[in-house]
Asker: 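First the structure, then my questions, so here it is.
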Amino acid sequence: MSRSSSWAREALAVFGKDCLLELRTRVALGAVLLFAVTSVVASGFALAPPSGVAGEVKASLLWVIVFFAAIAGLSRVFVVEEETRTADALRLAVSPTGVFVGKLAFNIALMWALCVVTVPLYLLLLEVPVRHWSLFVTVVILGSTALACATTAVGAIVAKATMRGALFGVLAFPVALPPLLVAIHATKAAWLSEGGWRMATGDLQVLVGFMLVIVPASLLVFEHIWSE
Amino acid sequence: MSRSSSWAREALAVFGKDCLLELRTRVALGAVLLFAVTSVVASGFALAPPSGVAGEVKASLLWVIVFFAAIAGLSRVFVVEEETRTADALRLAVSPTGVFVGKLAFNIALMWALCVVTVPLYLLLLEVPVRHWSLFVTVVILGSTALACATTAVGAIVAKATMRGALFGVLAFPVALPPLLVAIHATKAAWLSEGGWRMATGDLQVLVGFMLVIVPASLLVFEHIWSE
Amino acid sequence: MNAVAKILTGVWIAGVTVAAFLWLPPAQGFRSPESARIVVFHVPCAILTFVAFLVNAWYSWFYLRRREPLLDMKASVAAELGLLFAVLATVTGSLFAMEQWGSAWNWDPRETSIVMLMLVYAAYFVLRGAVEESGKRARLSAAYALLAFPAMVFLIWIMPRIVESLHPTNTLFTGSGLDPVYRITLWSFFVGMMAVFVWMFRLRLRVEMLEARVRRRRQTEPEPTLTGVQP
Amino acid sequence: MNWQIELRRVGKEYNERPVLQDISASVTAPGVWTILGPNGSGKSTLLKIIAGLLTPTEGEVVYLHNGERLNAQQRRQVVGMVAPDIALYRPLTAIENLRFFARARGVRVQDGDLLSLLEQVHLRSRAHDPVATFSTGMVQRLKVLTALVHRPPVLLLDEPGSNLDEAGMEFIRHTVRVQAEHGIVIVATNDTRELDYGEPLIQLGA
Amino acid sequence: MNWQIELRRVGKEYNERPVLQDISASVTAPGVWTILGPNGSGKSTLLKIIAGLLTPTEGEVVYLHNGERLNAQQRRQVVGMVAPDIALYRPLTAIENLRFFARARGVRVQDGDLLSLLEQVHLRSRAHDPVATFSTGMVQRLKVLTALVHRPPVLLLDEPGSNLDEAGMEFIRHTVRVQAEHGIVIVATNDTRELDYGEPLIQLGA
Ligand code: HEM
Ligand SMILES: Nc1ncnc2c1ncn2[C@@H]1O[C@H](COP(=O)(O)OP(=O)(O)OP(=O)(O)O)[C@@H](O)[C@H]1O
Ligand SMILES: Nc1ncnc2c1ncn2[C@@H]1O[C@H](COP(=O)(O)OP(=O)(O)OP(=O)(O)O)[C@@H](O)[C@H]1O
Ligand SMILES: [Mg+2]
Ligand SMILES: [Mg+2]
């Protein structure tokens with residue numbers, strides 16, 4: 001068995017197990033979604049059309065909501081392992097790389113599911129006129145993936161500390177800030193009539209570049225976070 | 001030993017223990033605060049004066065931030081007991097009323113601490129001109145207390161389910177909505193030049209009335225939540 | 001419900017529906033008088049949403065007192081129906097709003113409160129999904145329903161009266177607002193829908209009871225499938 | 001002082017799966033009783049029902065003191081319990097845990113008393129260390145102390161000897177002996193070393 | 001197949017408190033060894049160091065296979081461990097837990113194999129129930145199975161008999177016997193019923 005196929009196989013097993021746990025407890029996704037939906041509805045209520053909030057603020061708000069909803073869910077994959085004292089069992093069975101890749105895959109899937117529900121609702125309730133659909137969809141996919149990449153390793157750090165839920169927000173924010181800002185900028189480009197792809201290519205490159213840097217960096221430090 | 005003094009003594013013991021735990025782990029308050037501070041700073045950044053957001057939106061935003069920060073912290077008192085499997089020990093030693101009152105006291109203290117730090121910062125960063133200070137302080141105290149009253153029992157429910165962190169937001173939101181809306185309304189009255197106390201007395205009455213309803217209601221159902 | 005009652009309900013609803021379109025005159029004073037007929041369907045659905053919520057709270061309370069699983073089933077079935085009627089009220093309301101107010105959604109206090117009501121129901125079911133053990137699930141969801149109750153009373157009765165609204169208030173019971181012809185048709189439809197509500201309630205309850213019976217049987221008898229699958 | 005516990009046709013189902021059916025028994029102070037049965041037979045469930053931590057689906061458990069029935073609040077004062085899935089506050093120190101459980105029940109204790117309690121289980125030198133840093137056996141010893149700190153007339157022990165060494169087992173034996181002189185002890189166990197504590201009260205099947 | 005584990009002057013401190021000092025030992029397959037010592041003497045700590053879950057502050061643990069040193073990844077394939085504070089996934093069923101631990105290590109197993117494993121510990125009829133609904137003893141049995149599912153040559157057992165009934169103890173004894181025929185078993189215990197599993201490897205003081 002070659003080494004590379006070994007971590008892929010491990011990651012697959014971890015991903016499958018986490019999906020199964022999710023399916024069993026049924027609540028992670030449901031709750032993250034409802035959390036996001038609640039915030040979207042609340043924002044829609046507070047910033048309904050007569051209040052005349054600019055499209056720029058709306059773009060920020062969308063990503064802030066996605067970020068907070070992500071906070072509600074993304075750190076769980078590691079926190080649950082520590083809280084239920086299964087982390088040691090996982091350490092015994094799976095290599096750090098396998099664990100990280102499996103958890104990252106799960107978080108990305110969670111973020112996508114989150115966006116599939118939240119974003120259309122947001123566009124509807126806040127009456128956002130999207131001019132460049134293909135660009136917007138690309139931004140949402142890349143942005144949410146980048147958020148998951150940025151925060152997965154932070155989740156592992158948080159899992160080792162007490163008072164996890166809130167701590168995650170604090171630690172994740174600085175790491176997630178670059179993709180957050182870039183995604184907000186690119187979203188504005190996709191909503192405004194002018195610019196479009198031309199205005200956003202730089203942002204998209206930054207997003208991809210960010211992922212290409214943060215994932216290897218996370219892998220590098222993850223082993224030290226994960227093992228005692 | 002009379003019955004009433006008995007639950008007061010129990011509540012005091014629970015409150016003291018929770019404060020000690022908080023002191024020892026040192027993170028709950030710190031993280032809740034940092035969470036709130038992060039959001040306030042982010043909002044200040046997004047809605048800085050040039051963007052010209054109305055005072056009404058600012059009032060909503062302040063309370064939304066307080067609410068989300070509360071979500072990060074308020075359910076902990078019960079969740080920690082269940083997660084660490086100490087809930088049964090507490091059940092054996094303390095009456096449900098004693099537990100509820102002790103936890104409620106802790107949550108109220110947490111909310112006040114939260115507001116003491118967050119609210120001045122918010123006023124500063126978002127350049128809110130407060131016209132009626134005494135009213136505003138009253139609204140903040142009553143509003144934060146009402147939020148704690150509304151959500152403490154929900155925290156106990158959440159502690160018994162899986163996927164706690166996110167679930168709390170979902171369950172707490174509808175229950176906390178009335179005090180949230182009223183507090184927003186009263187805050188606007190305290191910020192705008194006209195109206196002031198006259199405009200807000202109805203709101204304050206509703207806030208107090210809400211607490212007078214929700215605390216007994218919580219006490220009534222708490223026993224069923226807390227005991228198996 | 002027996003067959004006769006079912007047929008009567010069907011005929012009644014069909015009759016009222018036909019009457020709403022043929023007998024009911026277009027409502028003057030509305031921006032689009034013809035489409036105003038929809039209140040006849042919209043309002044009963046909205047009222048049934050509240051009724052379902054009341055029924056849910058009522059059975060929740062009794063469950064906590066008596067701890068009989070049947071009461072929990074009743075509470076949860078009432079919530080399901082409440083959610084269904086909330087969706088119906090919102091859809092009919094939105095269609096109507098599109099005609100009358102020019103936009104499907106205006107964050108009118110009534111609209112807000114029905115969204116909140118749906119959020120409560122949704123949260124209620126998320127909670128039920130989050131608890132494995134049936135007794136615990138029943139206790140927690142009953143407690144939650146009762147905690148949400150004061151909040152809902154506030155949102156439904158107090159808030160629309162504090163905040164100004166596009167919606168007419170106090171038209172159902174006081175004489176001033178609604179044309180008597182409309183009122184008769186509306187309440188007739190309500191009666192029909194109430195019968196549907198009762199019928200669906202009992203149907204869902206029967207399904208729930210059967211499912212519980214199947215679960216119990218599975219628990220007490222050894223699983224027959226296991227020995228068969230052995231490779 | 002006449003303490004009595006009566007189990008009246010107690011039954012318990014989890015998710016429609018019957019675990020305990022129609023269990024009746026009665027114990028009177030002083031004495032030691034054991035609940036025996038293989039893994040999964042319902043010993044822990046029964047003990048939790050007796051402690052009032054679980055509500056039985058059928059029947060009831062009644063505490064009598066000189067013939068008078070105790071309410072839930074009184075029962076809490078009377079019962080001390082140790083079980084594998086009842087934990088201590090791990091960030092708190094040993095002595096803080098003891099102090100909390102004493103105060104919550106309205107018992108006024110001095111730190112000196114608590115230290116001499118800890119001495120009995122050889123934990124005095126670790127009194128001011130967080131429980132999180134204790135080994136499994138040390139935690140188990142402390143658990144037994146927290147169940148004793150309010151001197152309850154009724155002591156419920158679910159596998160009290162798990163993870164204990166010989167000295168720890170001896171402490172348990174001693175505790176049971178002392179308690180048996182004036183109160184009630186009910187031990188649930190399947191450790192052969194603990195079978196001889198008292199007479200079998202209930203033998204649960206598989 | 002020649003498996004060997006060497007402890008080379010292993011030492012461990014927690015927060016400057018020395019727990020283990022200068023421990024050296026060597027074990028070679030096949031055989032059973034026990035680590036003995038009273039509560040808090042460092043048995044669990046030592047076992048975790050051997051498993052690679054804790055890094056010693058001094059010295060090292062080396063695994064040798066036919067004289068060749070194993071790396072961390074290979075060590076994971078080789079070790080199976082049971083300990084009181086290593087838990088299973090409670091929302092997953094018994095069989096799902098087994099399946100995950102097998103797959104994660106690259107072992108291809110059929111459900112039939114897993115069911116017959118469960119049969120051995122009398123959990124076959126509960127194969128599709130979540131572990132959360134198991135009693136302490138049932139969980140302990142399943143834990144032992146998950147440590148065995150990849151047929152590891154090295155088996156580390158920390159108080160394997162805790163909360164087990166006679167049948168469970170017999171299963172442990174049987175497992176140890178079978179494993180001892182070709183692999184290494186290290187048992188940490190202070191249960192007198194388990195002392196005779198093998199020869200004492202290390203006797204830790206208080
Ligand atoms: C909480 C649930 C609701 C209740 C209890 C409710 C109740 C009512 C009542 C009592 C009327 C009065 C009929 C009349 O006087 O002519 C009415 C009319 C109306 N409702 Fe609703 N409604 C609800 C939800 C909605 C929603 C969600 C919408 C739209 C999205 C909506 C749109 C309308 C419109 C457009 C009218 C006609 C208003 C007019 O007279 O101009 N309603 N509703
Ligand atoms: N929360 C629960 N939900 C469903 N079933 C449960 C739950 N708790 C226990 N059970 C089941 O009840 C039965 C009895 O469990 P209990 O813990 O009382 O056994 P026990 O006699 O204490 O066993 P052990 O010797 O292993 O501790 C077991 O079959 C167990 O699977
Ligand atoms: N995380 C930790 N931090 C600080 N000290 C610890 C920690 N874990 C264990 N210790 C200390 O190390 C010592 C040895 O603990 P260990 O769990 O290895 O003992 P043990 O021999 O397994 O005891 P037992 O028989 O009770 O299981 C104890 O004094 C314990 O207090
Ligand atoms: Mg047990
Ligand atoms: Mg140990």
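Heavy atoms only: backbone and side chains are in, while hydrogens, waters and symmetry mates are out. Just so we're clear, the structure is a prediction, and the values are computed from it rather than from any experiment. A note on names: the letters A, B, ... follow the listed sequences, proteins ahead of strands, and every chain is numbered from 1.
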Asker: Which distance, rounded to the nearest 0.5 Å, do you find between the CG of B:Leu20 and the CG of D:Leu92?
Answerer: 5.0 Å

Asker: What verdict does the side-chain contact (heavy atoms from CB on, under 4.5 Å) test give for D:Arg105 and B:Val94, after you've listed the backbone C-alpha separation in whole Å, the side-chain angles of each residue and the deciding distance to 0.1 Å?
Answerer: CA-CA 7 Å; D:Arg105 280 163 165 135; B:Val94 181; over 6 Å; no

Asker: Look up atom CD in D:Gln73 and atom CD in B:Glu10, then write down how far apart they are to the nearest 0.5 Å.
Answerer: 5.0 Å

Asker: Quick check: closest heavy atoms across D:Pro91 and B:Leu21, and the distance to 0.1 Å?
Answerer: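 In this case the closest contact between D:Pro91 and B:Leu21 is CG-CD2, 3.6 Å.
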
Asker: Name the option with the most non-hydrogen atom pairs under 4.5 Å to chain B; the candidates are D:Asn97, D:Asp85, D:Val79.
Answerer: D:Asp85

Asker: Take a 6.0 Å sphere around CD of B:Glu223 and say whether it holds more than 12 heavy atoms from other residues, nucleotides or ligands.
Answerer: no

Asker: Using a cut-off of under 4.5 Å on heavy-atom pairs, state which of B:Gly102, B:Ser227, B:Ser95 scores highest against chain D.
Answerer: B:Ser95

Asker: So, taking the atom named CZ in B:Arg85 and the one named CG in D:Leu88, what distance separates them when rounded to the nearest 0.5 Å?
Answerer: 13.0 Å

Asker: Please determine, among D:Glu96, D:Arg99, D:His150, D:Arg103, the option with the most heavy-atom pairs under 4.5 Å with chain B.
Answerer: D:Glu96

Asker: Just grab all the ring pair (Phe, Tyr, Trp, His ring centres under 6.0 Å) pairs involving residues 71-107 of chain D, residues at least two apart or on different chains.
Answerer: D:Tyr89-D:Phe100

Asker: Quick check for you: to the nearest 0.5 Å, what is the distance between D:Lys48 atom NZ and B:Leu92 atom CG?
Answerer: 10.0 Å

Asker: Taking every heavy-atom pair that is under 4.5 Å apart, which of D:Gly52, D:Ala104, D:Ala72 has the most such pairs with chain B?
Answerer: D:Ala104

Asker: With only heavy atoms counted, which part of D:Thr146 is less than 4.5 Å from chain B, the side chain, the backbone, both or neither?
Answerer: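 Contact with chain B involves no heavy atom of D:Thr146 at all.
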
Asker: What are the two closest heavy atoms between B:Thr86 and D:Ala87, and how far apart are they?
Answerer: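 Reported closest heavy-atom pair: CG2-O, 3.5 Å.
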
Asker: Which residues, numbered in order, of residues 137-145 of chain D come under 4.5 angstrom of chain B by heavy-atom distance?
Answerer: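 So no residue qualifies.
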
Asker: List in chain and number order the residues that pass side chain to side chain donor-acceptor pair (under 3.5 Å) with B:Trp226, two or more places apart in sequence or in another chain; answer none if no residue qualifies.
Answerer: none

Asker: Can you name the closest pair of heavy atoms from D:Arg76 and B:Ala93 and give their distance?
Answerer: CD-C, 3.9 Å

Asker: Write out, in numerical order, the residues from residues 114-126 of chain D with a heavy atom short of 4.5 Å from a heavy atom in chain B.
Answerer: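 Expected list: none.
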
